[in-house]
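Here is how names work: the chains are called A, B, and so on, in the same order as the sequence lines, proteins then strands, and each is numbered from 1. All values derive from a computational prediction rather than experimental measurement.
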Amino acid sequence: MSDNLIDVLEERGFIEQTTHQKELREYLEEPGRTCYIGFDPTAASLHIGSLVPIMALAHFQRCGHVPIALVGGGTGLVGDPSGKTEMRKLLTREAIEENSVGIKSQLSRFIEFSGGRAMLLNNADWLCGLEYITFLRDIGRHFSVNRMIKAESYKMRLESEEGLSFIEFNYMLLQAYDFLTLYDRHDCRLQMGGSDQWGNIVAGIDLIRRMRQDTAFGITFPLITTSSGAKMGKSEKGAVWLDARRTPPYEYYQYWVNTDDRDVERFLALFTFLPMSEIRGIGKLEGAELNAAKRVLAYETTRLAHGAEEAAKAFQAAAAVFGSGQVDPGILPSSGIHRQDQTSAAASVPHSHVSLDELQQGIPAFKLFHQAGLAASGGAARRLIEQGGAYVNGNRVTAFDDLIGVDSVIDGEIMLRSGKKRYHKLLVS
RNA sequence: GGUGGGGUUCCCGAGUGGUCAAAGGGAACAGACUGUAAAUCUGUCGGCGAUGCCUUCGGAGGUUCAAAUCCUCCCCCCACCA
């Protein structure tokens, strides 16, 4: 492979910190290396916050190496306190087992697991059978409590009111032991992770040095925040998930289209595989052109998470309701996005059904908006309407109890809108 | 185990008998301005077909015309002591 992973990651903005810069680069010159990242099975789906590590593993694979995605089935039972102000709820084994399954299927969209090109392991396999005394004598003796309590990852908790429980204090040992195990079994000498993982990664590197007299490496990613300061992956409805059942592709696409101007270039580099030669300078575009770049960003990220077909549908649905779906061929030419408006029946704007009977009676507007999910309650819907934020087929609703009836049906549909950008289509049946 | 301090609406946090659906901030939503961006200003921000009714202040009881506020018991958190 021509490119060194370090160069790729550096150029695309993935690197916060690395250990042994020079040796690491040399180590990665040779193809077929292994590297692991841990994923917490605390939910049944990964969300956008995990995208950076996922993409990093994918790049690792593209550079000719063998990534290991490690599901924390064992560590999840303990809970990582790093950077957290509160102790996490302990999950049951069953829940973690279930979640692991979902995570595996999501990862396989980004990483090719067939033919031994990547591995998916679960640390429950070696952690759950550990014997306490043996573990303490073999592993525990290499850890200095004096050093551990100075670790940044524990600091916040040690200073907080809630404190740090003993089970969480052990987390670092377990993660270090993971690294050691993967080193022994798969010759894995590189671990990557979020910047909050630095302490845990270094602990593993130390353990390998002490027990195997060998050098291992670590890379951490910066915490990705939006330019307005928010953590990645939160939308008005909560986390943006990779699971289509939790966050439909259309919403996923919308999340990315709504990217802040200042983030477009950075996000294209981080969250798509488009060549950097095309991405560079995109941030300087303005107005319509920058919006087109956002559409490409949204299309590409949606394609990665949900496939080309869903991405195209989301793109078309957006073009249908918002208009202006054009993307100039000069912008990010490598993207497979359709360059023209393609209003299509396959459009996947959120929708639901209403019966003709109900419509003949007429449905009060505020009830309709509530039912369609555009307002959290009847009261919220009334407020929405009173504030002039509710539209039926593009016309503002003037009174909360306006009756919506058959005369609002156009081509078998009624298009509801809340505010400027939340659409909901009612199909009459 | 002892002593003291706490648990308030999505989050932080005021409130120590009626004027409390509960200050203030954040988040969020809507309007104006725009480019499905940001910033700014304004409004909204428990539920209800609604100038009223209902449900909320850790849980269960109680006192009172009236309780987030007082009393009893219980649960949980924190600090110091052991």
Side-chain angles (χ1 to χ4, degrees), chain A residues 84-89 157-165 225-231 233-240 250-268 282-299 301-302 314-328 331 341 347 349-350 361-391 394 396-404 415-424:
Chain A
K84 299 192 177 61
T85 49
E86 287 174 16
M87 182 168 168
R88 194 160 60 197
K89 263 189 246 150
R157 290 293 293 282
L158 285 169
E159 287 167 2
S160 82
E161 280 195 335
E162 192 178 336
L164 181 70
S165 75
T225 53
T226 62
S227 288
S228 40
K231 257 193 207 167
K234 296 283 182 187
S235 77
E236 63 279 0
K237 285 186 182 168
V240 178
Y250 174 79
E251 272 174 40
Y252 192 81
Y253 179 94
Q254 285 300 316
Y255 174 81
W256 291 102
V257 166
N258 284 309
T259 297
D260 190 299
D261 282 9
R262 294 164 290 177
D263 294 326
V264 177
E265 183 168 336
R266 201 165 50 119
F267 285 3
L268 280 165
I282 286 290
K284 293 200 190 74
L285 297 178
E286 284 180 3
E289 284 195 307
L290 186 56
N291 273 0
K294 288 182 189 179
R295 260 171 254 137
V296 176
L297 172 66
Y299 172 80
T301 48
T302 308
F315 169 67
Q316 285 158 9
V321 291
F322 291 104
S324 71
Q326 249 91 28
V327 179
D328 189 278
I331 294 171
D341 274 332
V349 177
Q361 317 235 342
I363 305 170
F366 77 104
K367 286 200 172 167
L368 204 57
F369 275 80
H370 179 203
Q371 279 164 23
L374 290 173
S377 68
R382 289 168 71 125
R383 268 178 248 125
L384 180 70
I385 293 165
E386 275 156 21
Q387 293 179 125
Y391 301 80
R396 185 174 272 179
V397 180
T398 49
F400 79 90
D401 54 356
D402 270 356
L403 288 182
I404 308 301
M415 185 63 88
L416 304 182
R417 189 175 109 216
S418 157
K420 289 180 191 65
K421 47 192 184 190
R422 292 178 62 207
Y423 286 87
H424 187 98

Member of A:Thr301, A:Val264, A:Val240 meeting the side-chain contact (heavy atoms from CB on, under 4.5 Å) criterion with A:Trp256: A:Thr301
Sub-4.5 Å side-chain heavy-atom contact between A:Pro364 and A:Asp402: no
N/O (side chain, A:Lys420) to phosphate O (OP1/OP2, B:rG31) under 4.0 Å: yes
C1'-based separation of B:rG18 from B:rU63 [nearest Å]: 16 Å
Spacing of the C1' atoms in B:rU40 and B:rC77 (rounded, Å): 42 Å
Separation of atom CG in A:Leu374 from atom P in B:rC29, rounded to whole Å: 13 Å
Euclidean distance, atom CG of residue A:Leu297 to atom P of B:rA37 [Å, nearest integer]: 15 Å
B:rA27 and B:rG13, which share atom name C1', separated by this distance in whole Å: 14 Å
Sequence-distant partners of A:Ser377, side chain to side chain donor-acceptor pair (under 3.5 Å), two or more places apart: none
Under-3.5 Å donor-acceptor pair between A:Gln254 side chain and B:rU36 base: yes
Residue A:His370, side-chain atoms from C-beta onward, closest of B:rG49, B:rG35, B:rC48: B:rC48
Ion pair A:Lys367/A:Asp401, N-O distance below 4.0 Å: no
Touch class at under 4.0 angstrom, heavy-atom based, for A:Arg382 against every strand present: base
Base B:rG31 to side chain A:Gln387, donor-acceptor N/O within 3.5 Å cut-off: no
Length of the line joining A:Ile282:CD1 and B:rA37:C1', which is rounded to integer Å: 15 Å
Under-4.0 Å side-chain N/O to phosphate OP1/OP2 contact, A:Ser377 with B:rG47: yes
B:rG31 to B:rA67 separation - C1' atoms, rounded to the nearest Å: 40 Å
Pairwise N/O distances under 3.5 Å, protein to nucleotides 80-82 of chain B:
none

Whole-Å distance separating the CD1 atom of A:Ile331 from the C1' atom of B:rG35: 13 Å
A:Tyr391 side chain near B:rA30 phosphate (N/O to OP1/OP2, under 4.0 Å): no
Set of residues satisfying side chain to side chain donor-acceptor pair (under 3.5 Å) with respect to A:Lys421, sequence neighbours excluded: A:Asn258
